[in-house]
Amino acid sequence: MEELFLSRNFKIENGHTLPVYESGGGYQRLKKALNMDSATIIDEVKKSNLRGRGGAGFPTGVKWGFMPKESELPKYLTVNADEGEPGTFKDRYIMELDPHLLIEGCIITAWTLGLRYGYIYVRGELQFAIRRLEAAIKEAYAKGYLGQKIQGKDFDFDLYVHPSGGAYICGEETGMIEGLEGKPGQPRMKPPFPAVVGAFNAPTLVNNVETIAAIPWIIERGGEWWASMGIEKNGGPKLYGLSGHIKKPGVYEAPSGVSVRELLEDYGGGMLDGSDLKGYIPGGSSCRVMLPDTLDALMGFESMREAGSSLGTGCITFMDHTTCMVRIAGRLAHFYHHESCGQCTPCREGSGWATKVLDQIENGNGRMEDLDLLLDICDNIEGNTICALGDSISIPVRSYVELFTQEFEDHIRRKGCPFPAWSLRSSASTRAEAVAGAE
Amino acid sequence: MPKVTINGTEIEVDKGKSILRAAAEAGYDVPHFCYHPALSAPANCRMCLVEIEGVPKLQPGCYSQINDGMVVHTESERVVKARKAVLEFILLNHPVDCPICDQAGECKLQDYYIDYDAQESRVRTEKQNKVKAYPIGPEVVYDGERCILCTRCIRFCQEVTQTDELTIVERGDRAEIRAFPGRELDNNYSMCTVDICPVGALTARDFRFKCRVWLLTSTDSVCTGCSNGCNIHLDHFRNEVQRYRPRYNPEVNDYWMCDEGRLSYKSVHTDRQTEPKVNGATVNWHALAQAVADKLGKVEDPSQIALVISPQATCEDIFLAKRFGEETLGGVQFYLGGKLSGDSDEFLIKADKNPNTRGIEAVFGGTDSLKSFDDLLADMESGAISVLYMSGTDTPCDAETRERFVGLLDGLKLFLHQSPHAGEFADKAHIILPSCTHAEKDGTFINFDGVAQPIYQAFAGYGRSIPDWQIFLRLARAMKKPFDYTFLTQIQEEMFAASQAPEPEPEPEPEAGDDESSAPPPAE
């Protein structure tokens, strides 16, 4: 893309500071928004086709519409910055390189919906992002963009950074709210939804970092303009984090609905020399893995679903022919097993079971009936849990077993992993050591 | 009222009721672990998943409320499969050590496995190892491997006792229940967590490895620890009380009882006097009654006789003691015995440690006709009382006064001691009349709130002890002034007619889905 929006300040020196941000038109959008009324802004957001960028893709304008107008308790804004899914790394760039864009978005959102307090719930490991955000918030307070009587309006808004304790499950909106309240991050039953009973029992808006960061641009240039940079129902430019066996991994801004092939070849520079694409995960590890024949799928929520997976966060991991899919499935299962909060039975027990069965296959102790067992475990977890983490383990594991059945069977037949690299059964402690040993 | 269709049965239920409760009303049991009628519903065990038409995912029956026109299936193929899956998941890391588990026989996991799963294990992987026999509190022992993390105990400490001792540490399948750092599960009701634990994760230190529960016989009774009169299951084996369990009664104790009351069963088996004795010689009841009649008949002035009434006794015992004193002996002095008041709280524990103080008030029409224990001491010192007929070993006084009282006993012409327990009186008493504890007789207690509650005999009296009312019948017969009673029911009829004692109301049946802890173990 020629003009950058979400990543405009990424490559500008000191782009994270207030003076640089303001020189690029920063906080002018806030001043504009303060002269607009709430209904107009919500309308613009609806028109923009902005979809929640945390992975679920719920239309942002509709979500805003759910917030009650009147409330006895102060309403809260919680920005979900607990970015922890393997393969996903877009929000941290905004927080580290352009924190004021996020802050301005927060203030406009709060003005629109009458929110009194805002929390940016940042993944605890992102210390750099936390420091940058805190510094930026300090700057914004000093300039009167935050605090009381903002820009002379009858509008008070305080914004805080809340470092997460470091649990993937706190990225689930109600888990995050529990964490914010100082409790163990265990998702709540819904309903009631956070818009009705959220943080501290008050109505709470939960939005992703990238979603909020889009708001200033929608205010500046209008919802229709934003929607024009995308496909049907998926509006606006988006950040794509590309990783895996490609030449230029990194975060790139491209319109919604760009094809995977375009992202891989035009932005990511193509696969590494000598690498053949074996599969890719389109939007974070909880999505179904996809085969190379779907490279022309468009990066939109509906189009990805039609192609057999989901857009998720839009951060793609490309895997080449040297990748052992059993090991990948096992590695992902390990992650979800480790991160399962342990609250409800199917996820707590099923994630561990699936992990152990996958390890068993990878380590050469698998049996053919284990494949059916794996699918059955996935079946039994899926849809039966309190939150979506249960689905996050069953959906990918099922996809690996279904799409790479041959490879799983090979493991079982050969009683071990056919790939000559580091494996779980290896005594080598690092990948480098194992590769050296294999050669 | 909203109408719902559950498994084809259309019923009307109150608004806001959970599907689980509604299904119970329609006669369908929805299995559940984490749901308890007295606690909030976290819907974490996923055992109660039900199918609602028009809702794509299965929904937890304990959490989902009914809506008008809802069509629910609790036994459909999907539900049965999900239930089976949840049981398989729970058993995945469960040690299945039923042969050495105290919960075996009253374990919901066992029951549901038989009812809904009963399949061969598909598990080849290793189980998680967790803490075993962890002393989570002074009265309770925790087994992490058996724990299914339903959080009932945590919610009990949050919502019922509001002491907040427990939490979950770690996450995923490494999660365990623990007390917060520096604390332990040490509140007055901590052993209720053992009752509500659906599996053998929390066991009572007192009952651990003591008796298999299927050997227990359960008798409905009332705790005698204080005047609250918590309803209990008195579980006994071979004429020995093994434990008390609270019995559901929303008017009195709900599902709970205090630890002190729960452990008060031990008094049934300690310090018992079992043989009728006259001047230290063991005699039979007939000879004893003759001796008592002989001695009491010789007392010229009945006002010299002090009859100490104990509020530890049942209404029937007190009623007959009153008639024995007023009619058989005529004009004796009544004194009030019983235990000294103690600690209380705002929940179940009452300061009055006697189960039947209100019973005395009902039978005597107030306590004005009874003199206090201090009066008894004064009258004994002044010589106004020379014959003491004492029921019970308890004295409502401090240790010093009790010592003085025991000293004064030597000056009595005649001291009759009628009690299940010996106390310090065994050597002092001229005549020992061994009576039964509440576990060995039928009767009625009236609690602090005026609720009359029946107790039932669990087993025969220790040794040759008999209930107090039978003792009075024997004595009256020996004194040639027999009462016209043979059975306790005859006494009750007359007592309820003659006194202000309210008749016990029929026990409230647990509401549908409220069956927690009210189900007795299978009879012997």
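Each chain gets a letter, A, B and so on, in the order its sequence line appears, and its residues count up from 1.
Only the side chain of A:D370 comes within contact range of chain B, with heavy atoms under 4.5 Å apart. Contact annotation for A:Q360: only side-chain heavy atoms (C-beta onward) come within less than 4.5 Å of a heavy atom of chain B. Neither the backbone nor the side chain of A:I169 comes within contact range of chain B; no heavy atom of the residue lies under 4.5 Å from a heavy atom of that chain. In this structure, chain A has a heavy atom under 4.5 Å from the side chain of B:L92, while its backbone stays farther away. Interface residue B:L49: only side-chain heavy atoms are found under 4.5 Å from chain A. If you measure heavy-atom distances from B:E88 to chain A, the contacts under 4.5 Å come from the side chain alone. In this structure, chain A has a heavy atom under 4.5 Å from the side chain of B:P60, while its backbone stays farther away.
The residue among A:P184, A:C347, A:G352, A:G350 with the most heavy atom pairs within less than 4.5 Å of chain B is A:G350. Looking only at heavy-atom pairs under 4.5 Å with chain B, the residue among A:R367, A:Q186, A:E339 that has the most is A:R367. Between chain A and the residues B:T151, B:I168, B:V123, the largest count of heavy-atom pairs under 4.5 Å involves B:V123. In terms of heavy-atom pairs under 4.5 angstrom with chain B, the leader among A:N365, A:T385, A:D379 is A:T385.
A salt bridge between A:D376 and B:K81 is present, with a side-chain N of the basic residue lying under 4.0 Å from a carboxylate O of the acidic one.
A:I377 is listed as a side-chain neighbour of B:F89, based on a closest heavy-atom distance under 4.5 Å. Residues B:M47 and A:T345 are not in side-chain contact: their nearest non-hydrogen atoms beyond the backbone lie 4.5 Å or more apart.
Taking each heavy atom of B:R171 and A:A167 in turn, the nearest pair found is NH1-CB, 3.3 Å. Contact detail for A:M189 and B:A43: the closest heavy-atom pair is SD-CB, 3.8 Å. B:A85 and A:N380 make their closest contact through CB-CG, 3.2 Å (heavy atoms, listed as atom of the first residue, atom of the second, distance).
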Let's go through A:E349 and B:N93 carefully: what are the C-alpha distance in whole Å and the side-chain angles of both, what is the deciding distance for side-chain contact (heavy atoms from CB on, under 4.5 Å) to 0.1 Å, and is it a yes or a no?
CA-CA 8 Å; A:E349 307 290 350; B:N93 287 318; 2.7 Å; yes
One pair to check against side-chain contact (heavy atoms from CB on, under 4.5 Å): A:H338 and B:R174. What are the steps and the verdict?
CA-CA 9 Å; A:H338 184 251; B:R174 286 90 60 210; 3.8 Å; yes
Test side-chain contact (heavy atoms from CB on, under 4.5 Å) on A:N384 and B:L58 and set out the steps.
CA-CA 7 Å; A:N384 290 345; B:L58 299 178; 3.9 Å; yes
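In this structure a side-chain-to-backbone donor-acceptor pair under 3.5 Å is present from A:R348 to B:I148. No donor-acceptor distance shorter than 3.5 angstrom exists from the side chain of B:R46 to the backbone of A:P346, with no hydrogens or angles considered.
With rounding to the nearest 0.5 angstrom, the CH2 atom of A:W353 is 10.0 Å from the NZ atom of B:K127.
Environment of CD in B:E126: sparse, with no more than 12 heavy atoms of neighbouring residues, nucleotides or ligands closer than 6.0 Å. The number of heavy atoms from other shown groups lying within 6.0 Å of NZ (A:K190) is above 12.
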